[in-house]
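Report on the following structure.
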Amino acid sequence: MSASVQGCRVDTPLLRVDSLSLSIGEDAILQTLSFQLHAGDTLGIVGESGSGKSMTALAIMQLLPVGAELQGSIAFCGEELVDLDEARMQHIRGADIGMVFQEPMTALNPVHTIAAQVAESIRLHRGLTRDESFTEARATLDRVGLSDIAGDRYPHELSGGQRQRVVIAIAIACRPRLLIADEPTTALDVTTQAGILALLDELQRETGMAMILVSHDLAVVAKTVDKLLVMRDGTILDSGDTEDIFSATASAYTRTLLDASTWSPPSVSRRADHNTVLLQVDGLVAGYPSGRRRLFAPRQIKNAVDNVSFAVHAGENLGLVGESGSGKSTLARCLLGLMPIEAGMVSLNGRTLSLPKRVQSRSQQEWGRAVRRDIQIVFQDPYGSFNPRHRVERLVAEPLHLLDEPMTRSQRRQRVSALLERVGIEPADALGRYVHEFSGGQRQRIALARALIVQPSLIILDEAVSALDVSVRAQVLALLAELAADEGLAYLFVSHDLSVVRNVTDRVLVMRGGCVVESGLTDEVLSQPRSAYTRSLVDAIPTLPVLT
Amino acid sequence: MIFALKRLVALAVTLMVASVLVFFVVEVVPGDPAAYMLGLNAAPDTVSALRSELGLDRTGFARWFEWISGMLVGDFGVSYTYRTEISTMVLDRVVVSLPLAIYALLLAVVIAFPAGVLAASHRRGVGDTAVMGFTQIGVAIPNFWFAMLLVLVFAIHWRWFPSGGFPGWSGGAFDALKALTLPAIALALPQAAILARVLRSSLLDTLGQDYIRTARAKGLSPRATLWKHALRNAMIPVLTIVGLQFSFLLAGAIIIENVFYLPGLGRLIFQAISSRDLVVVESVVMLLVFAVVVVTFVVDLAYAWIDPRLRR
């Protein structure tokens with residue numbers, strides 16, 4: 001500990017950022033930021049992607065990408081960090097300032113055990129022997145709620161929430177004075193998120209460390225932090241006590257953010273026709289091979305979807321919620337014919353589409369073709385779900401091969417243009433471009449155009465708005481509502497985000513371990529959940545204080 | 001442990017299948033081996049005499065079984081051309097080719113590692129540019145040309161090393177290794193260049209991972225991060241290449257063997273094919289298959305040692 005920052009004077013702020021500017025090449029990332037933080041304070045930094053919130057966190061850690069240029073001052077306990085000698089900075093990182101990252105699946109080294117990764121930090125800063133550091137690491141793992149996980153486990157053997165606890169253990173192992181958590185719960189389920197937030201809160205109260213919580217989600221920070229910075233385009237738009245920010249004094253942008261995160265469609269769009277059953281699912285069972293492979297025994301199937309039945313009516317908005325591993329995505333894949341089903345039946349518009357694979361005589365291709373004319377999907381990741389080497393025209397036109405009559409080039413272009421226009425993308429400009437030239441929200445619009453081109457009656461939205469910023473998400477949700485009203489589309493809205501599901505769906509199915517544990521009208525299920533599981537999900541939703 | 005056993009079973013099965021393929025492709029497919037060996041103008045009597053001498057009048061399966069069970073106990077049969085035990089012939093060559101392959105591979109690794117690490121840790125810097133430039137040349141230069149250059153400089157001009165031939169191991173390891181040094185360098189250079197490039201790109205890939213940032217956030221220096229966190233994760237593609245290179249060096253050194261007049265396996269196969277000594281071809285090919293499969297097995301074990309996710 002000798003080399004780390006000793007206790008700072010009472011009147012010195014723990015962290016003082018003064019006129020901090022950051023540029024990478026020609027781009028100004030941060031512009032004259034100033035804020036400070038005292039020992040034990042909790043500061044939230046909120047903003048949409050590109051606002052510079054993560055860069056602010058990395059600037060404090062002095063872990064900026066190559067080519068980044070910093071100006072201004074970052075003083076930690078009175079010591080200037082900008083242009084600080086790297087060797088000195090290494091004593092501060094991990095010892096005095098700990099950091100937790102967004103993506104627990106990749107933040108841990110896959111080839112080292114979790115105890116070794118925690119112990120490394122301890123040994124580095126506290127000069128303990130190997131054995132002592134492992135004992136200490138064990139205690140730290142216990143502290144973050146992993147007492148039943150052996151230290152010699154590897155990251156891939158742990159769930160996302162458990163891994164994030166390991167990352168937190170690494171960050172707090174040397175009892176830092178400041179913990180920076182950059183989107184620590186964004187990649188996690190609501191219930192896991194609630195657990196991690198509670199843990200951070202508890203650790204902070206116990207150790208008296210200060211904390212900076214960076215998030216795009218106002219609701220997540222609202223509960224946890226005393227002070228808040230709202231950032232946009234590298235500048236601070238609002239700063240002050242959390243309560244004040246949520247009151248009328250906030251800037252127009254902050255109010256837009258608040259409104260957008262509680263967006264719900266105008267009620268006119270809810271016009272489901274409950275007499276017409278569009279999609280009927282009966283006793284669906286599907287799964288993956290599991291366990292050891294034996295030479296002559298049939299492979300064991302682990303049922304990811306176990307005896308699920310439900311119906312989607314024409315024009316209806318059905319929500320499908322559950323934590324990761326609950327079988328939501330498997331169910332979606334079965335409906336699209338991307339996965340064979342073990343038992344049960346799926347019928348669309350009264351036509352039976354799929355039978356269990358043992359009975360099924362038609363080739364899977366033919367079956368998939370029939371399904372995909374009527375059911376289309378929009379995936380979660382607007383970056384990974386397009387072929388990066390195809391132009392937008394080709395991407396959107398791709399499903400047209402499902403139509404019986406081939407189209408001429410000009411007909412095709414016309415149709416693609418019309419659809420792009422329909423989803424709010426300027427076709428003249430977009431047709432010849434590649435997807436990487438578009439923002440996340442625009443890509444989801446293009447994905448929607450691709451889904452709409454064969455005029456399906458049902459679109460599966462598999463976490464389709466989860467990766468989007470709140471304001472963009474609100475725009476996409478508004479577009480979906482508008483399309484539903486105009487085209488009579490039905491949606492199957494697969495999501496782990498209950499606040500969105502609450503706002504946009506008519507009915508909801510709650511899945512757990514492959515089974516439907518509860519279903520009914522969304523308002524009823526979420527306001528008076530009957531099953532304990534649904535209640536835990538609902539309780540874990542972070543909520544925003546009501547605007548005054 | 002279970003992982004190793006599984007790989008071992010896979011190894012045995014692979015060898016079995018390979019032996020069938022090698023045997024039938026060489027002996028069954030191209031018509032009558034006896035006629036093939038004796039040439040176009042052989043008298044039918046001579047051919048049939050050879051057929052019964054070689055045991056070709058028996059069924060394919062019986063011959064395969066005899067061949068493979070002989071190999072298992074070290075009896076490779078007798079060469080038709082030289083009328084000597086194949087096992088002794090092969091052994092004479094293996095004592096040259098195997099040390100040469102190991103020597104060359106060690107050299108390649110010793111050159112490639114510092115170069116790859118240097119290039120990756122100073123991306124776009126002077127070191128990186130230099131390494132990328134040299135490796136480009138290393139990949140492009142034909143190794144026989146480089147071998148002749150080595151002979152000119154180190155054997156003829158400076159007389160540090162012999163220009164060719166192999167004195168055998170009986171005269172002492174020093175002279176034998178000295179004779180193998182120039183060939184090993186000639187073989188190692190292009191391999192080192194490839195390996196350095198693979199290591200560099202694999203390391204750069206790894207250095208961009210989230211867990212590297214976690215390691216830096218712990219307070220590790222860039223150097224410690226590279227050695228403790230990046231290198232092991234970057235080893236999988238490098239090991240794959242090393243495994244392939246070893247197999248290649250063992251049998252593919254024929255040009256270098258010719259340049260340096262080394263009695264290696266490559267030349268043996270070449271001679272056996274040109275004199276239609278099919279029994280020798282089969283046995284040597286099978287031996288090489290065995291070597292490749294064993295190397296693959298070792299590489300698989302190394303994968304599992306490196307990456308716990310592969311221990312299934």
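Note that the coordinates shown come from a computational prediction; the quantities given were computed from them, not determined experimentally. Numbered from 1 within each chain, the chains take letters A, B, ... in sequence-line order.
For chain B, the option among A/Q117, A/Q62, A/M105, A/Q102 with the highest count of heavy-atom pairs below 4.5 Å is A/Q117. When each of A/E120, A/E103, A/M89 is checked for heavy-atom pairs under 4.5 Å with chain B, A/E120 comes out on top.
More than 12 heavy atoms of other shown residues, nucleotides or ligands fall within 6.0 angstrom of atom CD in A/E80.
The main-chain N or O of B/K228 is found under 3.5 Å from a side-chain atom of A/H112 such that the two form a donor-acceptor pair.
When side chains are defined from C-beta on, A/S159 counts as touching A/Q162, because their heavy atoms get closer than 4.5 Å.
Contact check on A/E183 versus A/K53 returns a salt bridge, with a Lys/Arg side-chain nitrogen under 4.0 Å from an Asp/Glu carboxylate oxygen.
With a 4.5 angstrom heavy-atom cutoff, B/I212 does not touch chain A via any of its atoms. Proximity to chain B is limited to the backbone of A/L108, based on heavy atoms less than 4.5 angstrom apart. When heavy atoms are compared at a cutoff of 4.5 Å, B/R213 approaches chain A by way of both its backbone and its side chain. When heavy atoms are compared at a cutoff of 4.5 Å, A/E157 does not approach chain B at all.
With a 6.0 Å cutoff to the six-membered ring centre and a 45° limit on the axis angle, B/R232 counts as a cation-pi contact of B/W305.
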